[in-house]
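Each remark here refers to the structure printed beneath this line.
Just follow the structure's listing: the first ligand is 1, and inside any ligand the first atom is 1.
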Amino acid sequence: MSDNCLFCKIARGDIPSKKVYEDEEVFAFHDINPVAPVHFMLIPKLHLSSLLEAEVEHAALLGKMLLLAPKLAREQGLESGFRTVINSGKGGGQEVFHLHIHIIGGGNIPPMVKRS
Ligand code: 5GP
Ligand code: ZN
């Protein structure tokens, strides 16, 4: 836990959010500014700034999150699939420096990379 981290505060319940899922290790909640009909984030309760700070010791936690993502996506109605996005570091466009997996779907999800 980090005292000054927005997502640590959300995971603790100090800042309200629309919760999707919680257990002892992870927390999921809807994005305040969704880019699609369904857009939520899955975070570890452990404060990790980004994937750039992840180590081998976090492998089980990260694996658990990847396996949980499709389960939560289905529960949110994304039966036909979803997009995951993990922005890592300033160079990756990350804005909140607590590792999070965006889970996005519903409506029209365009190809992420357009090639001419
Ligand atoms: P990033 O750009 O770091 O990958 O994503 C940060 C995400 O956090 C953005 O999609 C933004 O809309 C979301 N966000 C920022 N502040 C809050 C907040 O206070 N509550 C919630 N639920 N989402 C937030
Ligand atoms: Zn944090």
So is there a nitrogen or oxygen of [X] less than 3.5 Å from a nitrogen or oxygen in ligand 1?
X	value
Q94	no
V96	yes
F7	no
H39	no

H100 side chain vs P44 backbone, donor-acceptor pair below 3.5 Å: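 No, H100 side chain to P44 backbone: no donor-acceptor pair under 3.5 Å.
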Lys/Arg N to Asp/Glu carboxylate O, D23 vs K64, below 4.0 Å: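 Looking at D23 and K64, the cut-off is met.
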Short N-O contact, K45 and E24, less than 4.0 angstrom: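 Judged by the 4.0 Å cut-off on N to carboxylate O distance, K45 and E24 do not form a salt bridge.
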Atoms in ligand 1 with a heavy atom of H102 nearer than 4.0 Å: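 Selected atoms, number and element: 1 (P), 4 (O), 5 (O), 7 (C), 10 (O).
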Proximity flag S17 to ligand 1, non-hydrogen atoms under 4.0 Å: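 Outside the 4.0 Å threshold, so no.
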I10 touching ligand 1 at heavy-atom level, < 4.0 angstrom: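 The answer is yes, since I10 has a heavy atom less than 4.0 Å from ligand 1.
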Among L99, I86, L67, side chain to side chain contact (heavy atoms under 4.5 Å, CB included) partner for L62: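 Going through L99, I86, L67 one by one, the side chain to side chain contact (heavy atoms under 4.5 Å, CB included) with L62 is satisfied by L99 alone.
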For ligand 1, the portion of F29 having any non-hydrogen atom under 4.0 Å away: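 Near ligand 1, F29 shows its side chain, while the N, CA, C and O stay back.
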Residue part near ligand 1, for L6, under 4.0 Å between non-hydrogen atoms: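 Side chain only; the backbone of L6 stays clear of ligand 1.
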Closest to atom 4 (O) of ligand 1 among K19, H100, M41 (heavy-atom distance):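 The residue whose heavy atom sits nearest atom 4 (O) of ligand 1 is H100.
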